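Given the structure is predicted, the values throughout are model-derived calculations rather than measurements. Computed from heavy atoms alone, side chains included, the values below leave out hydrogens, waters and symmetry copies. Numbers for residues simply follow the sequence, beginning at 1.
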Amino acid sequence: MTDNRVELGGNLEVGRASRGDLESVWAIIKSDSDWLAEKGLDHWRKYYTREKIAQKIGGQEVYLAYQNNDLVGTVTLDTNPVEYYRPEEMNQFTDPDASGLYVTALAVLPDKQGQGIASKLMEFADSEAKKKGGKYVRFDCRAAYTDLVNFYKKRGYKVAGETVDEEDNNELYLLMEKALQ
């Protein structure tokens, strides 16, 4: 368990995960993956495995969120673009060469959703990007998950472009970004 937690407000703290936190991170991702699959969105089941999460912990900044010391969510941040972004996708961002922070695997336990946890984690991502000198926060999300797309838009993220995932039945994904002040 991580000891260096940062207070995000609302009894929510976030701390960087270590290799010893693999099962905790995996439990959240798996829970959300199952929840999404029940909604007919099985893309996380295809992409996220325990091994993929271990790779993220080893090479990216994976954070765990705690509410009143109970584990409630996770988010992964990286200063490098996501490995599956092709040049034609990167070129859809406003300033493809500008530094940014890339968000992946934002997940909040299904029974904790709707409490502002994901909003706080995205605010944390914005803050971390600024600390690192990033000009943008970027990520992609499945276009069919309109509730999530609207969640991001309400927080100032804009659609910069789109891509089709050939490995995911040609599903449309939106490339999202927010310019930081």
Side-chain angles (χ1 to χ4, degrees), residues 1-6 8 10-78 80-85 101-125 128 137-152 155 157 163-176:
M1 180 172 17
T2 182
D3 292 327
N4 298 322
R5 295 185 194 175
V6 175
L8 299 182
N11 296 321
L12 190 67
E13 297 176 319
V14 66
R16 187 154 178 190
S18 68
R19 291 187 189 277
D21 293 313
L22 172 60
E23 292 307 316
S24 295
V25 176
W26 173 243
I28 296 168
I29 296 295
K30 176 86 170 82
S31 178
D32 269 24
S33 178
D34 293 345
W35 178 79
L36 285 166
E38 289 174 11
K39 296 174 148 297
L41 302 167
D42 65 353
H43 56 297
W44 272 30
R45 280 189 173 170
K46 295 175 183 178
Y47 183 72
Y48 289 117
T49 62
R50 184 179 274 108
E51 293 75 23
K52 177 61 92 176
I53 300 304
Q55 287 175 349
K56 287 183 174 294
I57 291 174
Q60 298 169 328
E61 295 179 30
V62 178
Y63 292 89
L64 289 169
Y66 300 86
Q67 188 175 53
N68 299 319
N69 280 326
D70 292 329
L71 188 59
V72 295
T74 185
V75 64
T76 301
L77 309 176
D78 197 343
N80 295 310
V82 181
E83 74 273 2
Y84 52 79
Y85 285 173
L101 193 66
Y102 296 83
V103 177
T104 62
L106 171 66
V108 174
L109 291 171
D111 65 337
K112 299 294 183 180
Q113 293 177 8
Q115 298 178 24
I117 297 167
S119 294
K120 293 281 187 194
L121 289 174
M122 290 307 293
E123 289 171 14
F124 173 72
E128 288 298 298
V137 173
R138 295 175 169 149
F139 52 90
D140 60 81
C141 67
R142 195 165 174 175
Y145 191 1
T146 55
D147 289 345
L148 186 61
V149 173
N150 290 331
F151 165 85
Y152 290 129
R155 281 144 191 87
Y157 298 91
T163 185
V164 172
D165 187 344
E166 295 167 3
E167 293 180 21
D168 188 15
N169 298 321
N170 291 319
E171 285 292 335
L172 180 66
Y173 283 78
L174 302 177
L175 302 171
M176 308 284 293

List the atom of Arg19, the atom of Ala54, and the distance in Å for their closest heavy-atom pair.
NH1-O, 4.3 Å
Find the distance between OG1 (Thr74) and CG (Leu64) and round it off to the nearest 0.5 Å.
5.0 Å
Looking only at heavy atoms, what is the nearest atom pair of Leu71 and Ser24, with distance?
CD2-CB, 3.5 Å
Could you check whether any side-chain N or O of Gln67 sits under 3.5 Å from a backbone N or O of Glu13, counting only pairs where one atom can act as donor and the other as acceptor?
no
With respect to Leu109, which candidate in Ile117, Ile28, Asp70 satisfies the side-chain contact (heavy atoms from CB on, under 4.5 Å) definition?
Ile28
Is the Tyr152-Tyr145 ring centre distance short of 6.0 angstrom?
no
Shortest non-hydrogen contact from Cys141 toward Val149:
SG-CG2, 3.7 Å
Rounded to the nearest 0.5 Å, what separation is found between the OG atom of Ser119 and the CG atom of Leu8?
11.5 Å
Go through the steps for Phe139 and Met122 under the test side chain to side chain contact (heavy atoms under 4.5 Å, CB included), then give the verdict.
CA-CA 11 Å; Phe139 52 90; Met122 290 307 293; 3.7 Å; yes
Is a donor from one side chain sitting under 3.5 angstrom from an acceptor on the other, for Glu61 and Tyr63?
yes
Would Tyr157 and Phe151 count as a close aromatic pair, with their ring centres under 6.0 Å?
no
Minimum heavy-atom distance between Pro110 and Asp32, given as atom pair plus value
CD-OD1, 3.2 Å
If you define the side chain from C-beta out and look only at heavy atoms, does anything of Glu23 sit under 4.5 Å from Arg50?
yes
So, do Asn69 and Arg5 sit near enough that their side-chain heavy atoms are less than 4.5 Å apart?
yes
Taking atom CD of Glu83 as the centre, report whether more than 12 heavy atoms of other residues, nucleotides or ligands fall under 6.0 Å from it.
yes
With heavy-atom distances below 4.5 Å as the criterion, would you say the side chains of Leu77 and Gln60 are in contact?
no
Here the gap from Thr76 atom OG1 to Ile53 atom CD1, rounded to the nearest 0.5 Å, amounts to 6.5 Å
Suppose we screen for salt bridge (charged side-chain N to carboxylate O under 4.0 Å, His left out). Which residues come up paired with Arg155, at least two apart in sequence or across chains?
none
Side-chain H-bond candidate by donor/acceptor type, Tyr84 with Asp140, under 3.5 Å
yes
Please confirm whether the backbone N or O of Arg45 pairs with a side-chain atom of Ser33, one donor and one acceptor, at under 3.5 Å?
yes
Looking only at heavy atoms, what is the nearest atom pair of Ile57 and Leu22, with distance?
CD1-CA, 3.7 Å
Given side chains that start at C-beta, do those of Tyr48 and Lys30 come closer than 4.5 Å, heavy atoms only?
no
Val137 and Ala125: which non-hydrogen atoms are nearest, and at how many Å?
CG2-O, 4.1 Å
Under-4.0 Å salt bridge between Lys56 and Asp78
no
How many angstroms lie between atom OH of Tyr173 and atom OG1 of Thr163, to the nearest 0.5 angstrom?
10.0 Å
Criterion side-chain hydrogen bond (donor to acceptor under 3.5 Å, both in side chains) on Tyr102 and Arg138, from CA distance to verdict:
CA-CA 5 Å; Tyr102 296 83; Arg138 295 175 169 149; 3.1 Å; yes
CD1 (Ile29) and NZ (Lys52) are apart, to the nearest 0.5 Å, by 12.0 Å
Hey, what do you get for CD (Glu171) to CG (Asp165), rounding to the nearest 0.5 Å?
8.5 Å
Partner residues of Lys46 under the salt bridge (charged side-chain N to carboxylate O under 4.0 Å, His left out) criterion, sequence neighbours left out
Asp42, Asp168
